[in-house]
Amino acid sequence: MLNYLSLNTSVAFLNLLAQYNKMNTTYFAEIILPLSLDGTFTYHLSETDLQQIKIGQRVSVPFGTQKLYTGIVHSIHQNKPELYKTKAIHAFLDDEPLVTQTQINFWEWIANYYVCSLGDVFRNAFPSALKLESQTFVRLINPNYETIEELNDYEFLVFEALKLREIISVEEAALIVDDKSAIPTLKLLIDKGIIRLDEKLSEKYTPKIDNYVRLHPDLKGNEQQFMEVLNQLSKAPKQREALLQLITLETQLQDKLLKVADFVKQGATNAVIKSLAEKGAVEIYQNQTSRVENEEKDITEISQLTLKQTEAFNQIKEEFKTKSTVLLHGVTSSGKTEIYLKLIEQVIAKRNKVLYLLPEISVTTQIVHRIKKHFGDKVGVYHSKFNQNERVELWQKTLNGDFDIIIGPRTALFLPFDNLGLVIVDEEHESSYKQMDIKPFFHARDMAMLLGGMMNAKTLLGSATPSAESYYNAKNGKYGYIELNERFGQIKLPEINLIDLKKAQKEKEITEDISHTLRDEIFEQLNHKKQVILFQNRRGYAPIMECKSCGHTPECPNCDVSLTYHKFSNQLKCHYCGYAQAKPLRCVSCGSHELNTKGIGTEQIEQQIQTIFPEAKVRRMDVDAMRGKFAYEKLIEDFENKEIDILIGTQMITKGFDFGNVNFVGVIRADSLLNFPDFRAHEKAFQLLTQVAGRAGRRDEQGKVLIQSFQPEHQILQNVTTYSYAPTMKDILYERKEFLYPPYSRLIKLRFKHKNKERLDKTAEQLVILLKSNFDARCLLGPEAPSIGRINNLYITDVMIKIRPNQSPQKVKDLIRAKINQLHTIAAFRSVRIDVDVDPV
DNA sequence: AGCACGCCGACT
DNA sequence: GTCGGCGTGCTC
């Protein structure tokens, strides 16, 4: 009895213990979701989940009332959350992780540094084709519903459709009825218990499948059978010929596969190939085609470095022994690329990977071509014009370790590579490295150094005009510093001269905006069959349109800017929100027909130049002319083939655009660059003009540059003509120190946006009040509306915070986070959007 | 960031 | 009278 009892209790006890253990061994996963919400989200794991879950794996999870989101497994733990009930993971989307642990660490670092959520980083860093969103489907659950007379026409239509196909998507349902009544109709059907809504995930990425052709496997290495087939074809000469051609092609291609389409291009016809296939001579099969395959076939040796280059190369290597970052300051055409190539070669020889960052536009140009030429299919190129499918393939290939080198703009930083040995940031001064439109507002140059540090890689910053920050860091010994101040082949730097526009106007030495000196020079160049580049940093025809009689200027209805006149499309456009209207025939204010334009854009220069040089082939290069995926490549090709005599461009032409046949560059008006209300204006103007000048005389002879300006005496312009980089920087750094700007402080810009101006200003003022006690007056500026105070119907105001060198940036950021949260506890302030921009440019 | 719930203007 | 506008609150 006692035994029985004790046995019984022990069984009960064991059950209890098992249950207890089970409870205690409940596991949870932290999931990163693509939401702008702080932190990760906790889901509980079943035992089977636990078997297959891996950090970095893609999962789908329910979030909110019904939606499924794609998330990434961040971590696994046993801490049961007390404040809310966890849900289960819906599904594992892949067997293996698509994100590495290093990437997760990197994302967290970025979220912390740039004061945004981990979800913001994930959303931006991960290809969107891999972020599945659930689609809502309608499912029939009561096919036997009988009281049909109670259904309205729309309900009946959906019911009938579902009887044929059990499941339809909400979109299909909307097609059956009309768009507007779809949701109400479905609601009624749900209420009647006839249908149910289901969420389904669909993969957005689709592999590209092509038809390929090869010699039939049965004939391969079987000479006798092959001869038989060939003899059978004696009466079909075309087929015989094609078969023999295929053999030749296959030998040439070695292991590469031959697409049917490519075979057709080589002379075979589809009909012939089909007949051959029917006779068993060839085989047509399907295979996945890579969208990111390299075309490059002949790999060439890297050319020998010159003495100067070798010297620089050795210095870089020496500096890398003690410093993780080196700044290579080399004038345009000094041959920085060759040095990069040599370094890359050495790094990949050690089985390390290289990340090569370029400003956006340069990714499509010659540099990429040159790198591919040396490293062939080991080069992965990322570009923002890639479509979603191409991005996915690049991601997967990178994850597989298929590439030794990844080249790309700032987003390439997020590809899943490992084992980096070297990061190159070319044109490091370029402001396009800073992401400004979507969160995270990161600076790719800075994050490249960080990522390099995480993987023990070295970072090489390259520029002809280094940023003030990098120059400062180099001069202070934080980075290694190597100068390369001689052009390749010892060609002299272009001679830069200034043209005084005031004087030219007074002496009538000018036609519209082209001074006669500039005109004569262009004429001279064209006579020598040279191509000319003209720089005007404004697109459109004229930035302002003005009524001659009343002075009215058409403005954007959504933004606080005047509309730019585009003659080509005969429209007035807003460059901030995209608003466009037809050019009005008369002034909307007074009805006058006399409308004037003020200021000049590329379109107007194009027209003026074409008038002066009616025979010349004039082209324009700005975002308006560069629409479409291959517009840029096409233009480069045309320029190379000398189908363009004069190219007029915005700052686009300063990036990766080097051609041997250009000996002269003209700047139409430098003034707009100099008078920018920004503490970086002088730095940017010097860099831009120097870069523009660098386009001239790159190969055989010394180039010439003419800069037109109303203030030729301006110190920056004077310094540009004499290539006085160091003195310019000295002045700039002196001012920065005086006014406590970077690199002598760190900036955080808080940008407030709201459609109601009063509420906006009140909120910004309130946050300043909350922050006031923690900063001295010099370090907390604003709120102040930026020069364009309203974009897309949202009013904007900025608060600037300067962090002194002795302050902890982390503590300041924590403070900002806390104060914004505090502000948001009050409902009235909550609707104002606050963007935190760390290290604004 | 989505998405649902809830309260006020312009329409059949 | 409704439809639908977007303000507000919540999501593991």
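Just so it is clear: chains get the letters A, B, ... in the order the sequence lines come, proteins before strands, and each one is counted from 1.
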When you check the side-chain N and O atoms of A:Ser36 and A:Asp120, is any donor under 3.5 Å from an acceptor? yes
Measure the distance from CZ on A:Arg833 to P on C:dT8 and round it to the nearest whole Å. 17 Å
Closest to side chain of A:Ser36, choosing from C:dC12, B:dA1, C:dG9: B:dA1
Out of C:dC12, C:dT8, B:dA1, whichever nucleotide has its closest atom nearest the side chain of A:Leu37: B:dA1
Comparing A:Thr65 and A:Lys439 on DNA chain B - which has the more 5′ nearest nucleotide: A:Lys439
If you look at every strand shown and take non-hydrogen atoms under 4.0 Å, does A:Pro34 touch a base, only sugar-phosphate, or nothing? nothing
Going by salt bridge (charged side-chain N to carboxylate O under 4.0 Å, His left out), A:Glu469 matches just one of A:Lys434, A:Arg746, A:Arg680. Which one? A:Arg680
Check the distance between C:dT11's C1' and A:Phe41's CZ and give it to me in whole angstrom. 7 Å
Hydrogens and angles aside, do A:Thr42 and A:Glu30 bring a side-chain donor and acceptor to less than 3.5 Å of each other? yes
Residue A:Leu35, side-chain heavy atoms: nucleotide from C:dC12, B:dA1, C:dG9 that is nearest: B:dA1
Considering only side-chain heavy atoms of A:Lys755, which listed nucleotide, C:dC12, C:dG7, B:dA1, is closest? C:dG7
Rounded to whole Å, CZ of A:Arg759 lies from C1' of C:dC6 at a distance of 12 Å
Measure from the side chain of A:Lys67, starting at C-beta and using heavy atoms only, and say which of B:dC3, C:dT11, C:dT8 lies closest. B:dC3
A:His383 versus A:Glu390, side-chain donor and acceptor atoms under 3.5 Å: no
In this structure, how many angstroms lie between the C1' atom of C:dG9 and the CG atom of A:Asn821, rounded? 16 Å
Report which part of the nucleic acid A:Tyr43 touches: base, sugar-phosphate, or nothing (heavy-atom distance under 4.0 Å, all strands). sugar-phosphate
A:Phe63 CZ to C:dC10 C1', straight-line distance once rounded to whole Å: 8 Å
Distance check: side-chain N/O of A:Arg830 vs OP1/OP2 of C:dG9, anything under 4.0 Å? yes
Of all the choices, C:dT8, C:dT11, B:dA1, which nucleotide is nearest to the side chain of A:Ser831 once you look at every atom? C:dT8
Nearest whole Å is fine: how far is C:dG9 P from A:Phe829 CZ? 15 Å
Gap between atoms CG and P, on A:Asn756 and C:dC6 respectively (whole Å): 15 Å
Lys/Arg N to Asp/Glu carboxylate O, A:Lys163 vs A:Glu160, below 4.0 Å: yes
Can you tell me the distance, in whole Å, between the CG atom of A:Asp38 and the P atom of B:dA1? 12 Å
